[in-house]
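Data block below; observations after.
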Amino acid sequence: MVYESYLCTSKIRIMFNKRIKIKELLAQEPKGQEATVMGWVKTFRNNQFIALNDGSTNNNIQVVAALGKFDDELLKRITTSASLKVTGTVVPSLGKGQTMDLNAETIEILGDSDPEQYPLQPKKHSLEFLREKAHLRFRTNTFGAVFRVRHALAFAVHKFFNEKGFVYMHTPIITASDAEGAGEMFKVTTLPLEGNIPKNEDGTVNYEEDFFGKATNLTVSGQLEGELGATAFGDIYTFGPTFRAENSNTTRHLAEFWMIEPEMAFYDLEDNMNLAEEFIKYIIRYAIANNKEDLEFLAQRLADEEKQLPQDKRSEMGLMEKLDFVLNNEFERLTYTDAIDVLKNSNYSKKKKFQYEITGWGMDLQSEHERYLVEKHFKKPVILYNYPAAIKAFYMRQNDNCEPGQQTVAAMDILAPGIGEIVGGSQREERLDKLQSRMKDMEVPAEELWWYLDTRRFGTVPHSGFGLGFERMVQFVTGMTNIRDVIAFPRTPGSAEF
RNA sequence: UCCUCCUUAGCUCAGUUGGUUAGAGCAUCUGACUGUUAAUCAGAGGGUCGUUGGUUCAAGUCCAACAGGGGGAGCCA
């Protein structure tokens with residue numbers, strides 16, 4: 001009579017909720033208390049010792065199945081990655097590798113894992129191999145650590161901005177504007193690709209027949225919409241998926257990635273740089289404070305990997321030292337113009353070690369030049385600012401009183417060792433006439449962006465913002481060298497498995 | 001998209017100037033052992049050498065195209 005539908009629900013859940021996470025259990029004093037844990041088998045040694053992991057930490061609880069206490073039939077099913085529920089008493093370990101044992105009273109197999117078919121073994125696998133098993137790689141130590149750190153960084157992003165009174169704004173994923181100029185876009189349509197596509201008289205596609213009544217794409221940036229928010233709330237940030245249809249095949253590009261884009265009213269370029277530097281340091285500090293074990297594991301992994309490299313290719317600092325160094329030092333700030341001077345006077349340039357010669361002011365910096373500045377010359381994160389207007393986007397603020405022929409814009413890029421550009425930002429052009437003339441010069445269709453220009457018509461203010469590639473940040477903090485290893489299911493040209 | 005390297009057992013890799021039946025470690029299976037730490041010991045099974053075509057008496061090995069992957073470049077975050 002009472003809650004009859006309850007009979008049909010999964011009563012076992014009540015049992016599940018009694019479990020303790022392994023991370024919590026390992027923090028306790030082992031003194032004979034009872035505990036229930038659930039997780040996946042890492043290894044089963046000696047028909048007696050089960051290393052069990054539940055993803056809360058890379059550390060395992062050693063479950064001891066006393067000899068003779070359990071059926072052979074049950075023990076046979078305790079294989080790599082089988083899922084178990086274990087209840088027992090927590091006691092100090094007799095062995096050396098761990099402080100506590102869970103002496104099993106009951107072992108329940110929640111899910112078998114056929115050892116003939118389960119692809120991961122308790123040994124080192126290459127990252128390339130694990131990339132093809134991306135659905136299972138979270139169960140490895142490396143990816144467990146990487147994705148817990150990724151979570152910590154994501155959480156810290158919201159914490160930082162919330163503490164500063166920023167409004168978290170959800171800018172659209174589907175956008176009608178293709179004027180952002182940040183690269184090739186993915187088309188969004190419900191028109192039948194394999195059927196009759198409505199055409200205009202001149203043979204072009206008639207998007208008026210499409211779902212939105214106009215051509216639409218996946219967003220390449222939330223910035224323009226972000227500026228609308230900033231000119232009302234003062235400070236906003238976005239943190240969402242971003243899509244680029246570039247045919248990029250590198251260790252630092254994805255077709256689908258996550259970007260953080262703060263946009264601040266009443267900020268000039270220097271305020272912008274200050275915020276970006278404070279922000280980066282804050283989220284690194286948060287990860288160290290909350291995921292130290294994971295980072296130390298990743299540091300060790302990286303150190304082991306680098307042992308196999310020739311001396312000159314190894315990093316000068318370990319991962320933890322590198323992060324500490326970043327926290328304890330100011331980022332080097334220099335103008336584009338000064339950077340060209342540094343490069344021109346460098347030994348690399350004089351000895352012609354650059355593949356692309358330093359031709360002088362106005363040239364776009366190649367990644368080898370950026371790497372030289374960051375990794376060889378300054379040996380720390382570098383903020384380059386005041387770039388030539390000709391190589392930057394239309395919305396960046398034109399600097400006043402430039403030398404003839406050396407017009408610059410208030411842009412800034414933050415370059416990180418090993419990763420390259422991690423932040424790109426600028427003070428925005430708030431003067432309507434200057435913005436309009438620049439759009440005209442760069443053939444940006446002003447009529448499509450009428451709503452953007454309205455911010456300059458009604459109470460325009462100086463404002464600034466930047467974009468930070470979240471995966472690149474995760475790479476920097478975890479030391480993972482390939483961006484495909486810091487996102488759960490990477491989307492790259494020719495690859496969208498899972 | 002361009003340059004470059006790689007593809008041999010479930011995984012990591014060896015395989016000589018082209019020459020008989022393609023090897024090792026780990027994993028798996030069977031057995032032994034039992035306070036182990038990627039447990040150990042013994043035995044067994046496991047291969048269309050990425051695909052297609054070519055050169056040759058003979059191709060894992062040489063050549064070509066294609067596919068997949070790594071690294072670098074460009075585009076960028």
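Atom set for the values below is all heavy atoms of this structure, side chains included, hydrogens, waters and symmetry mates excluded. A, B, ... follow the sequence lines: proteins, then strands. Residue 1 opens every chain. These numbers come from a predicted model, not from an experiment.
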Does OP1 or OP2 of [N] have a side-chain N or O of [X] closer than 4.0 Å?
X: A/Arg252; N: B/rG71; value: no
X: A/Gln121; N: B/rU28; value: no
X: A/Arg472; N: B/rC76; value: no
X: A/Ser248; N: B/rC76; value: no
X: A/Arg45; N: B/rU36; value: no
X: A/Ser367; N: B/rG74; value: yes
X: A/Thr43; N: B/rA39; value: yes
X: A/Thr251; N: B/rG72; value: yes
X: A/Arg244; N: B/rG74; value: no
X: A/Asn60; N: B/rU37; value: no
X: A/Arg484; N: B/rG70; value: yes

query = So what stems show up for RNA chain B if we need 3 or more Watson-Crick or G-U pairs in a row, all under 3.5 Å?
reply =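 Stems (3+ consecutive pairs) listed as B:1-7 with B:67-73, B:10-13 with B:23-26, B:28-32 with B:40-44, B:50-54 with B:62-66.
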
Categorize [X] for me: base, sugar-phosphate, or nothing, with a 4.0 angstrom heavy-atom threshold over every strand shown.
X: A/Glu368; value: nothing
X: A/Leu254; value: base
X: A/Pro119; value: nothing
X: A/Gly95; value: base
X: A/Thr80; value: nothing
X: A/Phe243; value: nothing
X: A/Leu67; value: sugar-phosphate
X: A/Phe49; value: base
X: A/Lys42; value: nothing

Quickly work out the [X] [atom1] to [N] [atom2] distance and round it to whole Å.
X: A/Ile50; N: B/rA39; atom1: CD1; atom2: P; answer: 13 Å
X: A/Lys96; N: B/rA39; atom1: NZ; atom2: P; answer: 18 Å
X: A/Leu94; N: B/rU37; atom1: CG; atom2: C1'; answer: 14 Å
X: A/His125; N: B/rA38; atom1: NE2; atom2: P; answer: 15 Å
X: A/Asn103; N: B/rU36; atom1: CG; atom2: P; answer: 15 Å
X: A/Lys133; N: B/rA27; atom1: NZ; atom2: P; answer: 19 Å
X: A/Glu370; N: B/rG74; atom1: CD; atom2: P; answer: 9 Å
X: A/Lys76; N: B/rG31; atom1: NZ; atom2: P; answer: 6 Å

Can a donor-acceptor pair under 3.5 Å be found between the side-chain atoms of [X] and the base atoms of [N]?
X: A/Asn249; N: B/rU1; answer: yes
X: A/Gln98; N: B/rU36; answer: yes
X: A/Asp101; N: B/rG35; answer: yes

key: Check ion pair A/Lys392-A/Asp364 (N to O, under 4.0 angstrom)   =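 Looking at A/Lys392 and A/Asp364, the cut-off is not met.
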
inquiry  = Taking the basic N atoms (NZ, or NE/NH1/NH2) and the acidic carboxylate oxygens, is any pair closer than 4.0 Å for A/Glu105 and A/Lys69?
reply    = yes

Nearest-neighbour nucleotide for the [X] side chain, [options] considered:
X: A/Asn482; options: B/rA77, B/rA73, B/rG71; value: B/rG71
X: A/Phe257; options: B/rG74, B/rG70, B/rA77; value: B/rA77
X: A/Val64; options: B/rG35, B/rG70, B/rC11; value: B/rG35

Atom [atom1], compared across [N] and [M]: separation rounded to whole Å:
N: B/rU56; M: B/rC63; atom1: C1'; answer: 12 Å
N: B/rA67; M: B/rG50; atom1: C1'; answer: 8 Å
N: B/rA44; M: B/rC3; atom1: P; answer: 50 Å

Does [X] have its ring centroid less than 6.0 Å away from the ring centroid of [Y]?
X: A/His377; Y: A/Tyr348; answer: no
X: A/Tyr168; Y: A/Phe161; answer: no
X: A/Phe470; Y: A/Phe257; answer: no
X: A/His463; Y: A/Tyr267; answer: no
X: A/Tyr282; Y: A/Phe160; answer: yes

ask   = Distance-only, no hydrogens or angles: does the A/Arg397 side chain make a donor-acceptor pair with backbone N or O of A/Ser464 under 3.5 Å?
value =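 Such a contact is absent between A/Arg397 side chain and A/Ser464 backbone.
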
note = Walking RNA chain B from its 5' end, the first of A/Gln355 and A/Pro493 to be reached, judged by nearest nucleotide, is A/Pro493

Mutual orientation of the aromatic rings belonging to A/Phe354 and A/His369 [parallel < 30°, tilted 30-60°, perpendicular > 60°] =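 Because their plane-to-plane angle is over 60°, the rings of A/Phe354 and A/His369 count as perpendicular.
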
task = Using a cut-off of 6.0 Å, state whether more than 12 heavy atoms not belonging to A/Lys380 lie near its atom NZ.
result = yes

